[in-house]
Amino acid sequence: MKELNPFILHSSLDIVEDIQWKTSQLYLKTIDNFYGYYISGFLTSGNIKFLLIHETKNEESIRQFFNDLNDLYVKVLLNPFYKVNDAITSPVFDLKVKGFAKKYL
Amino acid sequence: MESYLSISNLPFFLDRGITIDNLVEQKQSNVASKKTSIDCKRLVTCAFSPQITVTSSANADNLASDFGFHSFFQLLKPFGDHIQHKFQIKDSQLVSRTADDFSVRFTRPLSDLLSIQEAEIKERNKVQLFNQHSFELLLGEYIQAINPHLRNAQKANDIRLQSTLKSSMYIKFFTKLLSSSLLTSFESLNHPVASFIVISADDPYDEARRLLIEFKSTKVPDFMNIEDILPLFIIVYDEVKETDQQKAFQLKDHIKKQLFTDAFTLGISTNKEAKSQLLSPPVLSSIDEELQNTHLTSIGNPTLPVSTITSIYQVLKDVIQRKLIPFMEKKIATWDDQVITPRKSLTGRFFSVSKKYFGKNPQNNNEQSSNYNIERGSYGFGAVESLTRKLADWSFMLRDYRYAYTSYELAKKDFLSDKAWAHLASCQEMAAISLLMGATNITSKIKNDTIDPLVDSSNYTFLSRCGLKTYALRSILIVSELFCTLRDGWTSAPAALKWVQKAIDDKSVGKIGRSLLLERMSYINSIYMSSQAKIILSKKAQDNEKENEEDKDKEEYEPIFNEQKIVKENMGTIGFTNNRKAALWNLLAAKDWDPVSQPLQVQICLNSTEDTYGGKIFAERDSSLYQRLLTVSQKHVRD
Amino acid sequence: MSSQNIINPSTSKPTGLKAGYNPSLGPIQLPSSYQSQIASKSRNIYDHSVFRRTPEVNLSSLSFLFSAMIEQTQQTSKGVQQLEAKLNSYGYGVGNKFLELITLREGKSAKRETRIVEVLQFIHSQVWKTLFGRPADGLEKSQDSEDEYMIIDNLPLMSQFISVPKDFNQLNVNAFTAGIIEGILDSAYFQANVSAHTMAADGYPLRTVFLIKFDHGVLEREAIRFSR
């Protein structure tokens, strides 16, 4: 079942694209539900989408997680050699994301 | 033959090299085509049509066996699927409407049907619309039959043929779901409306008389009324023998005078030299019938002379327009007077209310007591409730959906107070279906306030109180398809999705059925787009087609292109389509098909997800589900 | 982009020091020795704060950098159009990232823009203020076509110290700023083409008009979603 996760997340992009025009918030809270899995989203102003699939709802901590992630992402962007939509390959980034996950989720 | 019916016989045509251009979808730029749902809606009209039992004399059967059929019933069956003619039907308000075609379902003689049913019920102790096992078997065989053609289409890169073959699977599934001749007390759709007694011109008058008496004295269960079935004689004569036609006419007059029954003559040509045409297998045959036909019969390529085919259709048109439809209209009017008008009139209501409150006397109470026989779970055929239901069913068959809906609503109340669960559930289901079939404008208010509760309650009752899984399955799949046919995909698709999901979650289908339903979820998601998005995308598709056709005469000048430019062409439709969801369900369907046992189906499913998952790293890396399914199915596909 | 460098999910054999995500197992947790090894590497970009006290840069240095940039671009391009296009592409990358940065710095009150008018006002006031210290001088909608808007700057900062020779009359080096605007609009899903045109008036010889031409898809979306 875990192998379906990326595909489930990808499919909730359809919903993100719809509700992004209905609110000017960045944090989109829970946007979708698939057989008991909740999917929460966060959308930056540059339309970069962060999606999280989880089983228990915990809005506040997820919000903080996304905020820290946004901070981290902007730092990635500030790299002049990094173009938008490139793959992120830094192991430090990976480590930090996992650190945030441990802290908030 | 209409495409939505012929498509069930696709392997039959393909195997014999018959061209099927009219079946294949024409334009490739059909964005979010709802064709399969519209076909399903037409199938509902065809399947919920009057049932006619066919009894034939020995001589008639002999005539049929000249052509290779083992009974006249078998010869006649394919003709009922679709009779093309402008039929005039008068609805309850005596307004005459034209129907472009009509269908009837031919079945075995009533006594045969009843005895087979009894035997089954004794064996299984429960009423089932169809046998899950046989259903899976049939579907499996069908897939086996189309797989070679699918493979050829795949190799030839013929996308239209592929999608037609694929959608034919679901249509076959749906058709079989609807084609059952089960006779139950709570659903009078399958109660025969007429009976054909087929005799040949060589038969003496006594034979006709005997058959009629046999018919009239058939032992039917309490909930059926033999008087409600119209007997008709069909006198078959051989066109080649000159005296036969005379004999037939004489017999016809004799029968009319003595037996007061109508008779029709049918000329059959036994001329072996005459030009003949292939008969495609009957579409609306029940699952067991179809399995029997493929396994037991020896007829490979049944043919009939063209003249005979024409005569048979002519007789059917005659019978339906001149006898069947008026018979049904008259009965409906009678029942209307008997049961509907009294209830609706003020005095009628007053009387029934007073009886309820003032009839404390036990004697009086018996009159008003329920007609429902709890032990047998049925109403007598003369009961008000039965007549109301039958009235509703017959109006449905005559396509007077509004009248059918109001009648179902009336009957519903009675069933609820009598706690007749199966009757109630069936009534609710039919009320929702007639609303969806007939109403021209279904607002979300109607959907939420009327249709949803009806289907919800019907489903719950079928499953929990009656244990009738097959009926529940049929009702929610019909409702789902009818929702898909509604104009606005954006508001109706979620409802359709909900019901198909329920069918999957309730595990009411077998293995193949489940894979087909998962594919259906994907299809519904692909039509789940707003109407404006559909317009925009169709226009784009058309423009693309035009561009591909025109010559590319553009100059080869290269403007400086900003490589970083974020190119997004879907700004107009963003958020209004559900293609990624459709891809997810296709992936789930592919996983369910299992790449080892059905690699071709898996590949076709994954092909439709290529637009969404192609080029995406998360989908194409080696350990992803998508990639694994692709590679395993590639290994197992047999050429 | 070689797939070796992407943090791919590893195969079923755990290959030690490959970070990332395995679809069947989830995020890969690496031994803590590796973690400390990574973390103790020299200060990296992630440790810097995004919120600096005075995000200001010396104007003369900026102008010098800019003029050098133009000079080099001029050498490699043949003609005014190519030059402008290249400058545009340089600004484009800046625009993409700048949008995110501004939003992040807004903190709690961060918003996304969903309508054309809102996003243009955002650019007109916020972006200009942050970049150039003052809001732009004008925001107009074109009378002739539905999809064209204009932002007007009487004294564009970037081209203040650039002098354009007579044979490059058509050139407006604010193509760079136009690129920034285009980058912002594109990443906010308002696909557009932005170009800079010199229109002197009233004692402002360097007055520049930024012409913003939206993609028709954006207008369709605006009509469908926001017209009641």
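All figures in this text were calculated on a predicted structure; none of them were measured in a lab. Labels below follow one simple rule: chain letters A, B, ... track the order of the sequence lines, proteins then strands, and each chain is numbered from 1.
For the atom pair CG of A:Asn47 and CG of C:Asn96, the computed distance is 11.0 Å after rounding to the nearest 0.5 Å. Going from atom CG of A:Asp71 over to atom CD of C:Glu100 covers 12.0 Å, rounded to the nearest 0.5 Å. Note that OG1 of A:Thr44 and CG of C:Leu99 are 7.5 Å apart. Values are rounded to the nearest 0.5 Å.
Among all heavy-atom pairs drawn from A:Glu17 and C:Arg225, the shortest one is O-NH2, 4.1 Å.
Top candidate by heavy-atom pairs under 4.5 Å with chain C, chosen from A:Ile48, A:Asn70, A:Thr23, A:Asp18, is A:Asp18.
Residue C:Arg115: no heavy atom, backbone or side chain, is found under 4.5 Å from chain A. Both the backbone and the side chain of A:Phe93 come within contact range of chain C, with heavy atoms under 4.5 Å apart.
Heavy atoms of other residues, nucleotides or ligands lying less than 6.0 angstrom from CG of A:Asn85 number 12 at most. Environment of NZ in A:Lys83: sparse, with no more than 12 heavy atoms of neighbouring residues, nucleotides or ligands closer than 6.0 Å. Shown here is A:Lys29, whose NZ atom has no more than 12 heavy atoms of other residues, nucleotides or ligands within 6.0 Å. Surrounding CD of C:Glu146 are at most 12 heavy atoms belonging to other residues, nucleotides or ligands under 6.0 Å away. No more than 12 heavy atoms of other residues, nucleotides or ligands lie within 6.0 Å of CD in C:Gln72, so this atom counts as exposed by the packing criterion.
Applying the ring pair (Phe, Tyr, Trp, His ring centres under 6.0 Å) rule to C:Phe66 yields the partners C:Phe176; only residues at least two apart in sequence or on another chain are considered.
C:Arg221 places no side-chain N or O within 3.5 Å of a backbone atom of A:Trp21 that could act as its donor or acceptor partner. With C:Lys111 contributing its side chain and A:Ser24 its backbone, the two residues share no donor-acceptor pair below 3.5 Å. In this structure, C:Lys97 contributes its side chain and A:Val84 its backbone to no donor-acceptor pair below 3.5 Å.
Using a 4.5 Å heavy-atom threshold, the side chains of C:Leu101 and A:Leu78 count as touching.
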